[in-house]
Every structure is written in C-alpha cells, then in structure tokens.
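Please read the structure below before turning to the comments.
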Amino acid sequence: MINFNKPPFAGREKEYMVQAIDSNKICGDGPFTKKCNGWIEKNTGTTKALLTTSCTQALEMAALLSDIKPGDEVILPSFTFVSTANAFVLRGAKLVFVDIRPDTKNIDEALIEEAITDKTKVIAPVHYAGVGCEMDTIMDIAGRHNLIVVEDAAQGVMASYKGRALGSIGDFGCFSFHETKNYSMGEGGAILIKDADKAEEAEIIREKGTDRSRFLRGQVDKYSWVSLGSSYLPSDMNAAYLLAQLEEADTINEARLASWHGYYEALEPLQEKGIIELPVIPEECKHNAHMFYIMTNDIEERGRLIKHLRDNDVQAVFHYVPLHSAKAGKEYGRFHGEDKYTTDISSRLLRLPMYYGLSSEDVEKVTDAVRAFYL
Ligand SMILES: *Cc1c(COP(=O)(O)O)cnc(C)c1O
C-alpha cells in the first residue's frame, strides 16, 4: 500500500532526542527549542519565532495578541481546517467566510474588501498547499482599513511569495509541525511575530501569562502573573526531533518538489485532454510541494477514483468540509457573497500520496493507476 502520508524522518532525530534527555532539561524553551526558533527567524526573516505545541495553539496565541473581543469579526476562507476558525471563536469572534479562487484555492483577495464591516478586526488568509495568497493586495487592504493580518501558514514552511517567506508577511504567522506537515515534531507549531513590541507580549502569553522569559534572561528578579495566558510551549524533546529535520530542510524540500513535478509531468497529458485539472502555481509564488491534488469532474467520479486507487494499493484522500456548511460554522459565522467555488471545489478535489521518502517508482505507480482509470 502506498500510504497517503508518512511522518518525515531526516536521520538525527533519535540522537538529538537522547541529547535532550541526557541534558536533564526536557521542559520547554531548552537548547533545542531555541535552535528551532533561531532557524525559523533566520530562514523566514521574521522578527521573533516561538515554537508552540501546535499550529492550532499558535493561532490561539495570534487571536490573543490581536486582542479579539466578543463581537469582533474575522474574515477567512471557508475552505480551511477548523483551527483557523476555532482560534478566533474561542475569543468571541464572529466569522465572515469569503469564497476562494478557483486556481490556487486560496481566499479570493478581490472579495475581501466588500466583506469588511466596522466590526472587522482580522483577516486570516490560509496558504493552501503551501502556495501563497495574494499578500500584497491583502496587506494593502489591511493597511487601509487598519486590520490585523494573521497568516495560517500551517502548510507553508519553506514557501514564499515574491521572495518573502510565508508566515513572515502579516502581523502574525502560524506554522504547523504536525506529522502530516512537511517538517514535524509529532504535534507542534510556531508563531512568527513581525512587531518587536508584540514579541514580548507573545512570550508572556505563551508562559501562562507570566514574565518568566524575562526572569530567565535576568531582566527581572522574580516572575509573576502579568496578563492572560496559557501553556503554549512544547517539550524540548519534541523540539529535538524537529531540529533534525529543519537542518535538512533543503534536502526534504527538494525531494518533495521532485515528487510533485513527477506527478505533474505524468498527469499533464490528462489535463491537456480536459479530463482533470492540476494545481496552479502563480509566478510570484515558490511552493513547497506540501500537497499534490487533482480536480476531478464531480463527487461521484472522485468516489470511484478513490476506490480504484484503493484497489491498486494507493491511499488517496480529500478535504475540507466547508466550514460555513458545518454545524459549528453555521453557529459562529456567515458566508459573505456567493459560494461560487468553495463547495464545488471541496467536492471535487482529491489528494494523492505525498511525503518525504515517496520514491519515483511510487509516483509512477500512482500516476499509472490514475491514468488507467481515465484512459
Ligand atoms: C494542519 C493545519 C492546521 C493545524 O495544525 P496543528 O499543528 O495540527 O494544530 C491549521 N491550519 C491548516 C491550514 C492546516 O493545514
């Protein structure tokens, strides 16, 4: 069976985890966490990066840092994972969903401005499949309306828009290091913070609302409760696992891109015949091969293709149930404008196996099975 996903493993994970254990310092913010934070800062150009226990929690931190109050509105796509929405709803926000673009499946930047009301506080673009949203337009809208931009860059590590790393463009960026993402620590994530003033606030929120980070740096002689917060920092053992992969990020990225291009080239003839559609990467975006998906013609055809692939030992999956159509989505949000693409795309999109270590033979086996289905 060719699995849809396998957690990434670069080679030195066990060695680093043993080092973390032997150092008798396995709680948060140890040497491996600091190295991972440093790697993110260096490789994205962000002012401050802090590892978190998940992207979900990085998004929750971003909602706290955005000072979301009950009734504030957040503009986001409906075609995303629940965490993009939950983080803001937990602080009392109302969700305003807008449609996505048919090419990148990202939020349609041309529809954002008309969804803004006097309650809007945040725009939360999601870089689907590690392909950047149209960030110049989004930042321009945010600037003119005095809004905060929280990038859900869960899928966007090592990807960029006009040369700028995804996650480093908005006020806050959120990475995921879940086992299904390009780089992993089992469960984990990071928050990227552009504004230096917000960086200290973020440290406090992440350390249960205390100024413990300042205390550990010797800047204050005791630490105490200074604001609302929670525990958002991961164990240094998990960070040790992650560091091994970040050190090999170029190798992992190139291997994934090779698989991605293998898929694209083998399936391009089907696209040329008008049978399926393949991903579109705008010229200003450098993606990270987080995902390879194809667009089938309808939900029924997709179901048959999944079964055909399963019969050929290939696991293919789909997502997302549009948030605005889900029980909680209806309760906490509304869809602004017409749902021209969100529901349609979510019913036709199919993801093929993609992970570090997928061989060119595996890619060939998958694409042969897809071709056999259609030809
Ligand atoms: C994976 C993912 C998340 C959640 O990441 P966790 O680290 O599992 O919390 C959030 N948003 C998007 C778009 C994702 O793909």
Side-chain angles (χ1 to χ4, degrees), residues 4-5 7-8 33 36 40 49-64 74-90 95 97-98 100-101 104-107 122-133 135 138 149-159 161 166-167 169-170 172-192 206 230-235 238-239 241-242 245-246 256 279 287-293 317-324 326 328-329 342 345-346 349 351 354-355:
F4 169 69
N5 175 252
T33 303
C36 291
I40 297 170
L50 295 168
L51 284 193
T52 58
T53 38
S54 63
C55 180
T56 302
Q57 303 229 282
L59 287 159
E60 287 179 22
M61 281 185 68
L64 277 161
V74 175
I75 295 174
L76 74 166
S78 170
F79 187 66
T80 182
F81 189 59
V82 293
S83 297
T84 327
N86 261 322
F88 297 102
V89 174
L90 279 167
L95 307 170
F97 300 112
V98 303
I100 50 173
R101 292 166 40 150
T104 57
K105 285 78 185 166
N106 281 333
I107 191 167
V122 166
I123 307 173
V126 179
H127 304 297
Y128 184 70
V131 179
C133 296
M135 288 308 289
I138 292 170
V149 175
V150 176
E151 295 177 72
D152 182 338
Q155 305 174 9
V157 183
M158 289 285 281
Y161 165 86
L166 302 186
I169 304 166
F172 306 107
C174 302
F175 282 172
S176 174
F177 299 119
H178 185 261
E179 74 164 34
T180 53
K181 300 303 199 289
N182 292 27
Y183 309 93
S184 180
M185 51 198 276
E187 299 279 353
I191 182 164
L192 283 64
R206 180 166 162 276
S230 188
S231 184
Y232 292 122
L233 69 173
S235 159
N238 294 57
Y241 190 96
L242 178 65
Q245 286 160 49
L246 295 182
R256 294 186 73 111
H287 74 107
N288 57 3
H290 171 64
M291 194 188 297
F292 195 91
Y293 64 81
V317 302
F318 60 84
H319 66 181
Y320 300 103
V321 176
L323 296 184
H324 75 282
T342 299
I345 281 171
S346 81
L349 185 140
R351 306 169 67 189
M354 175 58 83
Y355 52 84

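First listed ligand is number 1; within each ligand, the first listed atom is number 1. As the structure is a prediction and not an experimental result, all values here were calculated from the model.
Remark: of the listed residues Thr84, Asn86, Thr80, Asn86 is the sole one forming a side chain to side chain contact (heavy atoms under 4.5 Å, CB included) with Val82.
Residue Cys55 has at least one nitrogen or oxygen atom sitting less than 3.5 Å from a nitrogen or oxygen atom of ligand 1, judged on distance alone. At under 3.5 Å, a nitrogen or oxygen of Ser176, whether backbone or side chain, sits near a nitrogen or oxygen of ligand 1. For ligand 1, none of its N or O atoms has an N or O atom of His178 under 3.5 Å away.
Asn5 and Thr180 share no donor-acceptor pair across their side chains, judged by distance under 3.5 Å alone. The closest side-chain donor-acceptor pair between Gln155 and His127, if any, does not fall under 3.5 angstrom.
Here the shortest heavy-atom distance to atom 2 (C) of ligand 1, taken over Gln155, Lys181, Gln57, belongs to Lys181.
Shortest contact from atom 3 (C) of ligand 1 to any protein heavy atom: Phe81 CD2, 3.6 Å. Among all protein heavy atoms, the one lying closest to atom 9 (O) of ligand 1 is Thr56 OG1, 2.5 Å. Protein heavy atom at the shortest distance from atom 14 (C) of ligand 1 is Ala154 CB, 3.3 Å.
Shown in contact with Gly188 at under 4.0 Å from a heavy atom are these atoms of ligand 1, numbered in order with element: 7 (O). Numbered from 1 in the order shown, with element, the atoms of ligand 1 that lie under 4.0 Å from a heavy atom of Ser54 read 7 (O), 9 (O). Every atom of ligand 1 is numbered from 1 in the order shown, and the set under 4.0 Å from a heavy atom of Asp152 is 10 (C), 11 (N), 12 (C), 13 (C). Proximity to Val126 (heavy-atom distance under 4.0 Å) selects the following atoms of ligand 1: 13 (C).
Ring centers of Tyr355 and His290: at least 6.0 Å apart, outside the cut-off. Ring centroids of Tyr183 and Phe177 are separated by 6.0 Å or more, keeping the two rings apart.
Ring geometry, Phe97 versus His324: the interplanar angle falls from 30° to 60°, so the pair is classed tilted. Relative orientation of the His319 and Tyr128 rings is tilted, given thresholds of 30° and 60° on the angle between their planes.
For the pair Cys36/Leu246, a side-chain contact is recorded, criterion being any heavy-atom separation below 4.5 Å from C-beta on.
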